[in-house]
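Take a look at the structure set out below.
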Amino acid sequence: MTEQDEAAVGLSRSFSLRKCIILLIIAAITTVVWNLPSASFGIEGLTAVQQRIIAIFVFATLAWLTEPIPAWGTSIVIIALMCLTVSEHGLLPFKGEDVGQLLKAKDIMGTFADPVIILFLGGFILAIAASKSGLDVVLARYLILPFGNKSQNTLLGFLLITGFFSMFVSNTATAAMMLAFLAPLFAALPANGNARTALILAVPVGANIGGMGTPIGTPPNAIVMKVLNDPDGMNMGLGFGDWMLIMFPLTIVILLIAWRMILHLYPMKDVTVKLDIKGEMQKSWRMWVVVATFIITVLLWMIPSEYTGLDANVIALIPISVFTLTGVITASDLGKIDWSVIWMVAGGFALGVGLNNTGLADAAIKSLPFGAWSPLAILLISGLICFVLSNFISNTATVALLAPFIAVVCTGMGDKLDVIGGTPTVLIGIALAASAAMSLPISTPPNAIAYATGLVDMKNMFRVGLNIGIISMILSYIVLYFAAMAGLI
């Protein structure tokens, strides 16, 4: 074994040891919270089951913040702990007449088959089919043509196209695809100018901002839609088209601002470039199946449900069933689905079930002085907390933690929030704040992919990400407020 190999093994062992220590500390803190006297929490009538949910919530927060295990692994542990310790089919030592309201195990495990999960699967399947058929490459090639061959216009083209793809396709997959398209372009650009940096940064910025445009654009959007539309909760019936009506124009405006911001920070000479995007669509009947299904699915998502009788989750079954029936999607393709994101979302849903179905959320609201806070304070503080956390941990984990709790807080305030547009303004606000958090390579997968090229450093990413993120949040909250006042949400 060489010295380099020995150093790598040593580093790996050190890293593993650090993670083990962190996990032990989290377990110790969780155990302490689990066993504290109930009076310590200041919640009147706190039951043993509710205290266990608090402890599991603490575990989730610390584990998602420090990541001693993968984020999706944390979600699996959450679901397992809840089934074992707070469900009616849990271990005998954790059951009894005096422990409080136990949850139904099927409700906890059902979070993995929630209708919103089907919505995600539909989006993933569409993306895989588009990639297999070559539809994504052809779309990218012909969408870039209207922007000409000047470098500044090409930058705008990449921002808008990346943003468009990210509305319907995983922003991680979109970023990887668009960065691959950039490779031939670099040959026509100066090696030491701003053009390369600007174009590389356009990809994660476009992917992150574009995700705001649809409910399936990012997991935080879907989590918030779940809370707003839950038949046992707020039951707002907010549809795919309702979301796009507000968010699509907002996304385009932010992308245009991002274009000018990147050009301001990294001025580009108006160099003439030729972009050669390789790849062709398959010449087969299955290609036309993909095209037709893609168009029909997106149109149905955009049409209000009162005209079709279908909601976005049911519509997501169309591409899944059609592509399976026609052989466009095979068993091997299922492995390409980002199941880690699915588990992440399910873990967040499980926390929501625990908070609401045990009565813990209602009890906490009655015990904490949220009613004394101004609606504006709740709106701004929730957005800032989400923005800061999402820059350092998964934005999905952040919203999964915040959304169920904030929903109950806002509902408990009743009509007080009407001055800012009600609970939807706050909840949709945190989803948009999560997408706006893109200051660091660790903030989002598209950032990490762009940083991995070695063509941008952390300072480049921080300058662009922080500026665009702050502008995005300000514009988002202004638009949300006026949309709520106009009755659009």
Side-chain angles (χ1 to χ4, degrees), residues 15-16 18-31 33-34 49 51-91 93-95 102-121 123-124 170 172 218-220 222-223 226-227 334-358 360 389-390 392-405 434 442 444-445:
F15 189 64
S16 298
R18 183 178 68 83
K19 287 193 170 186
C20 286
I21 292 172
I22 292 172
L23 191 57
L24 287 173
I25 292 171
I26 292 173
I29 294 171
T30 303
T31 303
V33 174
W34 191 290
V49 167
Q51 184 168 339
R52 293 169 197 167
I53 294 294
I54 293 174
I56 293 171
F57 192 91
V58 168
F59 167 82
T61 303
L62 295 176
W64 274 333
L65 277 169
T66 58
E67 290 198 45
I69 58 176
W72 57 268
T74 297
S75 287
I76 293 176
V77 173
I78 290 167
I79 293 172
L81 278 175
M82 290 178 65
C83 286
L84 291 171
T85 64
V86 297
S87 79
E88 89 277 37
H89 292 311
L91 293 168
F94 296 103
K95 294 191 284 190
L102 289 167
L103 298 172
K104 293 181 179 179
K106 69 175 185 179
D107 289 343
I108 301 170
M109 291 185 283
T111 56
F112 189 71
D114 189 274
V116 175
I117 298 294
I118 302 301
L119 182 63
F120 263 104
L121 287 174
F124 286 139
S170 157
T172 306
T218 65
I223 292 170
K226 155 73 174 175
V227 175
L334 297 180
K336 300 174 184 177
I337 293 174
D338 195 343
W339 293 103
S340 63
V341 170
I342 300 294
W343 276 111
M344 273 288 303
V345 173
F349 290 169
L351 282 177
V353 168
L355 285 168
N356 289 295
N357 292 12
T358 62
L360 172 60
L389 283 178
S390 294
F392 295 95
I393 66 171
S394 158
N395 56 13
T396 305
T398 302
V399 176
L401 280 169
L402 293 178
F405 187 73
I442 61 171
T444 66

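Numbers here are sequence positions counted from 1.
For the residue pair A63 and T74, the shortest heavy atom distance occurs at CB-OG1, 3.5 Å. The minimum heavy-atom distance linking A60 with I78 is given by the pair CB-CD1, 3.5 Å. Residues T111 and A346 come closest through the heavy atom pair OG1-O, 3.5 Å. The shortest non-hydrogen separation linking A403 to I223 is CB-CG2, 4.1 Å. Residues K104 and E88 come closest through the heavy atom pair CA-OE1, 3.1 Å. When every heavy atom of I108 is checked against every heavy atom of C83, the shortest pair comes out as CG2-SG, 3.7 Å.
Taken to the nearest 0.5 Å, the CG atom of L103 stands 5.5 Å off from the CD1 atom of I53. Atom NE2 in H89 sits 7.5 Å away from atom NZ in K95 (nearest 0.5 Å). Rounding to the nearest 0.5 angstrom, the gap separating the CD1 atom in I29 from the CG atom in L62 is 5.0 Å. Of the inter-residue distances, the one linking I26 atom CD1 with I21 atom CD1 reads 12.5 Å to the nearest 0.5 angstrom. Distance CG/N357 to CG/D107: 6.0 Å, rounded to 0.5 Å. For the atom pair CD1 of I76 and CG of L81, the computed distance is 12.0 Å after rounding to the nearest 0.5 Å.
Taking the side chain as every heavy atom from C-beta outward, L121 and W339 approach each other to under 4.5 Å. When side chains are defined from C-beta on, W34 counts as touching T85, because their heavy atoms get closer than 4.5 Å.
In terms of modelled atom types and a separation under 3.5 Å, the side chain of K19 and the main chain of I69 share no donor-acceptor contact. One N or O on the side chain of S75 and one on the backbone of W343 form a donor-acceptor pair closer than 3.5 Å.
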Requested in this report: Let me see the working for F59 and V77 under side-chain contact (heavy atoms from CB on, under 4.5 Å), right down to the final yes or no.
Outcome: CA-CA 10 Å; F59 167 82; V77 173; 3.6 Å; yes
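Applying the side chain to side chain contact (heavy atoms under 4.5 Å, CB included) test between R52 and each of T358, T30, V33, V86 identifies V86 as the sole match.
Residues satisfying the side-chain hydrogen bond (donor to acceptor under 3.5 Å, both in side chains) test with T218, not counting sequence neighbours, are N221.
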